[in-house]
Amino acid sequence: KSQIEQLEKDLAASVTSRKLFEEETTRARLDMRAQMDKMRSNLHQMLQQGGEEAKVIESQNDMLQRELDSVKDYLEEETKSKDRLEIEMSHLRGNIAMLQDEQR
């Protein structure tokens with residue numbers, strides 16, 4: 001029975017971990033979207049002013065694009081991690097079901 005309880009605890013921890021991952025992913029997406037919107041707004045405004053200011057905005061755009069690429073890489077890794085957790089949760093559920101069947 002303690003093995004089932006441990007598996008249930010592991011499953012609950014995996015579910016919590018997944019929820020935290022999903023919340024972090026959502027936050028990262030919203031932050032990324034806000035940064036891109038801000039960048040577009042700034043770029044448009046600065047291009048209207050022209051000259052050297054456009055070069056500054058272009059530099060900021062490049063910086064934000066690098067940040068965006070970094071966030072995309074992070075999200076890709078987190079998605080892979082989530083997939084691994086889902087597989088692990090599936091195995092844990094299977095183990096719990098097998099143990100429950102054995103106890104019957």
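Just the heavy atoms: all of them, side chains too, but no hydrogens, waters or symmetry mates, feed the values below.
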inquiry  = So that I can tick it off, tell me whether Lys72 and Glu76 are bridged by a salt bridge, with the cut-off set at under 4.0 angstrom between side-chain N and carboxylate O.
reply    = no

query = Leu99, Leu92: one ILVMFWY side-chain cluster at the under-4.5 Å cut-off?
reply = yes

task = Check the surroundings of atom CD in Gln103: do more than 12 heavy atoms from other residues, nucleotides or ligands lie under 6.0 Å from it?
result = yes

message = My understanding is that only residues two or more places apart in sequence, or in another chain, count here; which of them pass side-chain contact (heavy atoms from CB on, under 4.5 Å) with Asp101?
response = Arg104

inquiry  = My understanding is that a hydrophobic cluster links ILVMFWY residues whose side chain heavy atoms are under 4.5 Å apart, including indirect links. Using that, what else belongs to the cluster containing Met32?
reply    = Met36, Met39, Leu64, Leu68, Val71, Tyr74, Leu75

ask   = Mind checking whether Glu23 and Leu20 have side chains closer than 4.5 Å, heavy atoms only?
value = yes

query = How far does CD of Gln3 sit from CD1 of Ile96, to the nearest 0.5 angstrom?
reply = 10.0 Å

Counting only pairs under 3.5 Å, give me each side-chain donor-acceptor contact of residues 6-13, with atom names and distances, residues two or more places apart or in other chains.
unit_1 : atom_1 : unit_2 : atom_2 : d
Gln6   : NE2    : Asp10  : OD1    : 2.9

ask   = Going from OG on Ser81 to CD on Glu88, what distance comes out if it is rounded to the nearest 0.5 angstrom?
value = 9.5 Å

ask   = Rounded to the nearest 0.5 Å, how far does CD of Gln100 lie from CG of Asn95?
value = 11.0 Å

Pair Asp69 + Arg66, salt bridge at N-O below 4.0 Å = no

Shared hydrophobic cluster for Phe21 and Val15 (ILVMFWY, side-chain gaps under 4.5 Å) = no

inquiry  = Run Lys82 and Glu78 through salt bridge (charged side-chain N to carboxylate O under 4.0 Å, His left out) and show every step you take.
reply    = CA-CA 6 Å; Lys82 179 186 81 104; Glu78 290 298 317; over 6 Å; no

inquiry  = Taking Glu22 first and then Arg18, would you say they form a salt bridge - that is, a charged N and a carboxylate O separated by under 4.0 Å?
reply    = yes

key: Spacing of Ser14 atom OG and Arg93 atom CZ [to the nearest 0.5 Å]   = 8.5 Å

